[in-house]
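This report refers to the structure that appears directly beneath it.
So that the names make sense, note that chain A is the first sequence line, chain B the second, and so on, each numbered from 1. Values in this document were obtained by computation on a predicted structure and should not be read as measured data.
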4 protein chains.
Amino acid sequence: MQPDSKADSQSARSFIEQARRAQIIDAAITTIADSGYSSASMAQIAKTAGISRGLISYHFANKDELIAQLVIKVYTDAGEYMGARVSTESTPAGQLREYIASNLDYMAVHPKGIIALVEIFSSGALANLPGIDASEGEEQSLAPVVEVFERGQQLGQFADFNPRFMAQALRNVIDGVSPHLSDPQLDLEMYKQQIITMFERATGAQHPSEEVPET
Amino acid sequence: MQPDSKADSQSARSFIEQARRAQIIDAAITTIADSGYSSASMAQIAKTAGISRGLISYHFANKDELIAQLVIKVYTDAGEYMGARVSTESTPAGQLREYIASNLDYMAVHPKGIIALVEIFSSGALANLPGIDASEGEEQSLAPVVEVFERGQQLGQFADFNPRFMAQALRNVIDGVSPHLSDPQLDLEMYKQQIITMFERATGAQHPSEEVPET
Amino acid sequence: MQPDSKADSQSARSFIEQARRAQIIDAAITTIADSGYSSASMAQIAKTAGISRGLISYHFANKDELIAQLVIKVYTDAGEYMGARVSTESTPAGQLREYIASNLDYMAVHPKGIIALVEIFSSGALANLPGIDASEGEEQSLAPVVEVFERGQQLGQFADFNPRFMAQALRNVIDGVSPHLSDPQLDLEMYKQQIITMFERATGAQHPSEEVPET
Amino acid sequence: MQPDSKADSQSARSFIEQARRAQIIDAAITTIADSGYSSASMAQIAKTAGISRGLISYHFANKDELIAQLVIKVYTDAGEYMGARVSTESTPAGQLREYIASNLDYMAVHPKGIIALVEIFSSGALANLPGIDASEGEEQSLAPVVEVFERGQQLGQFADFNPRFMAQALRNVIDGVSPHLSDPQLDLEMYKQQIITMFERATGAQHPSEEVPET
DNA sequence: GATGAATGAGTATTCATTCAT
DNA sequence: CATGAATGAATACTCATTCAT
C-alpha cells in the first residue's frame with residue numbers, strides 16, 4: 001500500500017539524468033548544425049542549452065564522449081527508422097527505392113541531426129571518439145546497401161557494376177543533400193524523386209512486375 | 001649601363017614575392033593533406049616551408065587569406081587542366097566522359113591539393129574566407145557541368161532529369177573518392193570506369209555515333 | 001514511559017554524527033594514502049566512503065576542515081599510543097628507545113594514516129588548515145622529545161648537543177621511513193634497530209645500568 | 001675583417017633564449033619556494049616573471065618540462081658545487097664532513113632553489129617529469145654517500161651500520177633544514193656543526209689522524 | 001540526514017597574430 | 001625581406017561548493 005517511493009525517486013532521478021543528457025545532446029546537435037563543428041565549443045553548447053559549462057562535464061566525461069553519444073543517437077535513430085521502412089519491401093529494386101525515400105524523409109524530419117552528423121564525419125572527429133570505429137562504422141553503413149545490390153545482381157535485376165562503389169556513390173549523393181537542408185526553399189521531394197530515378201537508371205534496376213506483362 | 005635597374009629590382013621583388021607565396025601555399029597544401037586541417041597551424045605550415053612564422057604573416061594578411069589563396073590556386077589549376085581536356089570533346093556525352101576522366105586524372109597527379117581542398121571544405125572553414133563566396137563558388141563549379149547536361153537534353157542525347165541536381169550528384173560522387181586518395185591500394189582507373197559508366201546510365205547518355213548505324 | 005526520548009534521539013544523532021565523521025575521515029585517509037593528496041578530490045573520498053558528495057559538505061564545512069580533522073585524529077591516535085609506551089620507561093635512554101620503537105610500531109599497524117599525514121604535510125596543505133598552526137603543531141610534536149633529551153643531558157646520560165635540533169633530526173629520520181611504507185618488502189624491524197642504534201650513538205646515550213658495574 | 005655578424009646574431013638570439021629560460025626557471029623557483037608547489041600555477045609563475053602566460057609555453061613545451069628543467073638545474077648546480085668540495089677530502093670522515101658542510105653552504109647561498117626542490121620532490125610531482133626517473137634520481141643522490149660509508153667501514157674508520165639507511169637518514173636530516181630556510185633567524189652554521197657532530201657520532205667516524213697520536 | 005544536480009572559478013595548453021630587430 | 005620573441009584570447013577540463021528535493 002505504500003508506493004515504492006525509493007524506486008520512484010530513483011527512476012525520477014534516472015529520468016532527470018536521461019533528460020539532461022538528451023537535452024545536452026540536442027543542444028550539441030543544434031550548435032553543430034548551426035555553426036559547424038569547429039565552432040561548437042563546450043561553452044557554445046552550454047550556452048545553447050542554457051546551462052553552465054560544468055554541467056556538461058558532469059553528465060559527459062569528455063567532449064569526445066558527448067560527440068560519440070550524439071553520433072550513436074542520430075545514427076541509431078535513423079537506422080531504426082530506415083530499417084523499418086526498407087524491410088517492408090522484398091525486391092532489391094523496391095528496397096533501393098525505399099532506402100533512398102526513407103533516408104530523405106528522415107532528413108526532412110530531423111535535418112539538424114543529419115547536418116550535425118555530416119559535420120562531425122567530415123571534420124575527421126571520428127578518430128578520437130570512444131567506442132566508435134570509423135572504418136567499422138562506414139562498413140556497417142555501407143553493408144546493407146551493398147547486400148541489396150549484390151542480391152539484385154544475382155537475381156538478374158541489376159546491371160553489372162561494382163556494388164561497393166555504387167553503395168559509396170549512393171551515400172555520397174544522399175549526404176550531398178544535407179548541406180542544403182538549412183535552405184528553406186529546399187524541395188526534398190524533388191531530390192527524392194531525382195535520386196531514385198538516377199539510381200534506378202544507374203543500377204539498371206528492373207522491378208519484377210515490369211517483366212510480367214511480357215508473357 | 002644598367003637601365004631599368006629599378007624596374008628590375010621591382011620585378012625581382014615581385015618575383016620573389018610570388019615565389020614565396022607559392023612556396024607557402026605549397027607548404028600549406030602538404031601540411032593540410034598530411035595532418036588534417038585542424039592540425040595545420042601556422043607554425044606547422046612554416047615548419048614545413050622551412051621559414052619563420054612571421055614570414056607567412058608578412059605575405060598573407062591572415063590565415064584565412066592564405067587558405068583562400070590555396071583554395072583558389074588548386075581550384076584554378078584543376079579547372080584549367082580539366083577545361084582543356086573537356087574542350088577536346090564536342091558531344092555532351094563525350095564531354096561528360098572527359099570531365100570525369102580528367103578530374104580523376106588530376107586527382108591522381110595532384111592528390112595532396114585535392115585532399116587539402118576537401119579537408120578545408122569539410123572543416124567548414126569556407127565561411128570566413130575572404131573573397132570566397134561559398135555558394136558562388138559552388139555555382140561556378142557546377143555551371144559548366146549543368147551546361148553540358150542541358151545541351152545534351154536539348155539535343156535529345158540525355159534523358160530527362162534535373163541538370164542542376166545531376167551536376168551536384170556528379171560532384172558528390174567524384175569528391176567521394178578523395179578521402180581514399182591516401183590509400184596506396186586505391187585503384188583510380190577502376191573508379192574512373194565505374195563513375196563514367198554510372199553517369200552514362202544515369203543520364204541515359206547516347207553518343208551520336210551510336211545512333212548513326214541505324215540508318 | 002520513554003523518558004529522555006529527546007536526549008536519546010539527540011545522543012543517537014550525535015552518535016550517528018560522530019560515526020559519519022569518522023567514516024568520512026577514514027575514507028579520506030584511505031584515498032589520500034592510496035592515490036596521493038592531489039588526486040584525493042572530494043568526489044573520490046565520497047566514492048571511497050560509499051556516500052554522496054554533498055554529505056561530506058554536510059558534516060564538514062570545508063575540505064580544509066576535513067583534512068584538519070584527519071590530521072588531528074591521526075596525530076592524536078599516534079600520540080596516545082606512543083605516550084603510553086614511552087611512559088613505561090623511566091630513563092631518558094629507555095624513553096628515547098621506546099619513542100622510536102613505538103613510532104615505528106604505530107607505522108606498521110596504521111601505515112595509511114601515516115602515509116596520508118605525510119602526503120598532506122608535504123603537499124603544503126597545512127597552511128590553510130583551520131585550527132591548525134603548523135609551527136605550533138611542530139612545537140607540540142617536538143616538545144616531548146626535547147624534554148627527554150634535556151633531562152638526559154642534565155643527568156649526564158646524553159652527550160652535548162642542541163636538543164631541539166636533535167629532536168628535529170629524529171623526526172626527520174623517522175618520517176623518512178613513511179614514503180617506503182607502501183613497499184611490501186619494507187623491513188620495519190631493520191629500520192627500527194638502525195634508527196635506535198643511530199640515535200643512541202648520536203646522543204651518546206648511556207643506560208644507567210651500564211654504568212653501575214663500574215663500582 | 002668582417003665580424004661574423006650572422007654567428008653573432010645567432011648566438012645573441014640563443015643568448016636571449018637561454019636568458020629567458022633561466023628567467024622563467026628562476027621565477028618558477030621563487031614562486032614554488034614562496035607559495036608551495038600546488039599554488040605555483042603557470043599564471044602565477046608568469047606573473048612572478050612579469051611576462052605573459054603564453055611566453056612560458058613558447059619556451060617550454062609543458063609545465064612538466066619546465067619543472068624538469070628546474071629540477072635538473074638546481075640538482076646539477078648543487079651537485080657540481082658539492083662534488084668539488086667533497087673531492088678535496090680523501091678520508092671517508094673528511095668527505096662526510098665536507099659533504100654536509102658544502103650542502104648547507106649551498107643552501108645558504110641558494111635557499112629558494114633548495115626549498116623549491118624539496119617542495120617538488122615531496123609533492124610527488126616527479127612521477128610525470130620527462131627525462132627524470134624518480135627512483136634513479138634517488139639512487140644517484142644516495143650513491144656517493146653510500147660509497148663513502150662503505151669505504152669507511154672497509155677501512156675500519158666507521159662503525160657497523162646499514163650504509164644505505166644511514167645515507168637516507170643523512171639526506172632526511174639535511175633536507176629537514178630546508179623548511180626553515182625562510183626563517184631569517186635561522187642559524188645555518190649551528191645546524192652545520194650539529195649535523196656534522198651528530199653523524200660523526202652516529203657513524204663512529206674516526207679521522208685517521210686521531211689515531212696517530214697513540215703511538 | 002542524505003542525495004546528486006548544478007555552478008563557476010581555476011587549471012594547463014594551443015595558436016593566430018604583432019612587432020622590434 | 002626575414003626572424004622569432006611575445007601576447008592574449010580561446011580551448012577542454014577539474015573540482016570544491018551550494019542547494020532544492
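Set against E:dA5, F:dA5, F:dG8, the side chain of D:Ser52 has F:dG8 as its closest nucleotide. Listed nucleotides E:dA6, E:dA2, F:dA5 differ in distance to C:His59; the shortest reach to its side chain belongs to E:dA2. In this structure, the nucleotide among E:dA6, F:dA5, E:dT3 sitting nearest to the side chain of C:Ile51 is E:dT3.
Taken from CG in C:Leu70 to NZ in C:Lys63, the straight-line distance is 11.0 Å, to the nearest 0.5 Å. One finds the CD1 atom of D:Ile51 at 4.0 Å from the CD1 atom of D:Ile24 (value rounded to the nearest 0.5 Å). The distance from the CD1 atom of D:Ile29 to the CD atom of D:Glu119 is 13.0 Å, given to the nearest 0.5 Å.
Across the strands present, F:dA12 finds its partner in E:dT11; the criterion is a Watson-Crick or G-U wobble pair with both atom distances under 3.5 angstrom. Base pairing of F:dC19: its partner is E:dG4, meeting the Watson-Crick or G-U wobble criterion (both donor-acceptor distances under 3.5 Å).
Regarding D:Gln18, its CD atom lies at a distance of 15 Å from the C1' atom of F:dG4, rounded to whole Å. The separation between D:Phe60 atom CZ and E:dC15 atom C1' is 19 Å, rounded to whole Å. One atom, CD1 of B:Ile45, and another, P of E:dC15, lie 11 Å apart when rounded to the nearest Å. Whole-Å rounding puts the D:Leu55 CG to E:dA20 P distance at 16 Å.
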*Stepwise, does the side-chain hydrogen bond (donor to acceptor under 3.5 Å, both in side chains) test hold for A:Thr30 with A:Thr48?*
CA-CA 8 Å; A:Thr30 301; A:Thr48 302; over 6 Å; no
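For C:Arg21, the CZ atom sits in a packed shell: over 12 heavy atoms of surrounding residues, nucleotides or ligands are nearer than 6.0 Å.
Spacing between E:dG1 and F:dT21 at atom C1', rounded to whole Å, works out to 13 Å.
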*At under 4.0 Å between heavy atoms, which parts of nucleotides 10-16 of chain F does protein reach? Answer with one letter per nucleotide, 5' to 3': B base, S sugar-phosphate only, - none.*
-SSSB-S
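Taking a cutoff of 4.0 Å between a charged side-chain nitrogen and a carboxylate oxygen, A:Asp26 and A:Lys112 do not qualify as a salt bridge.
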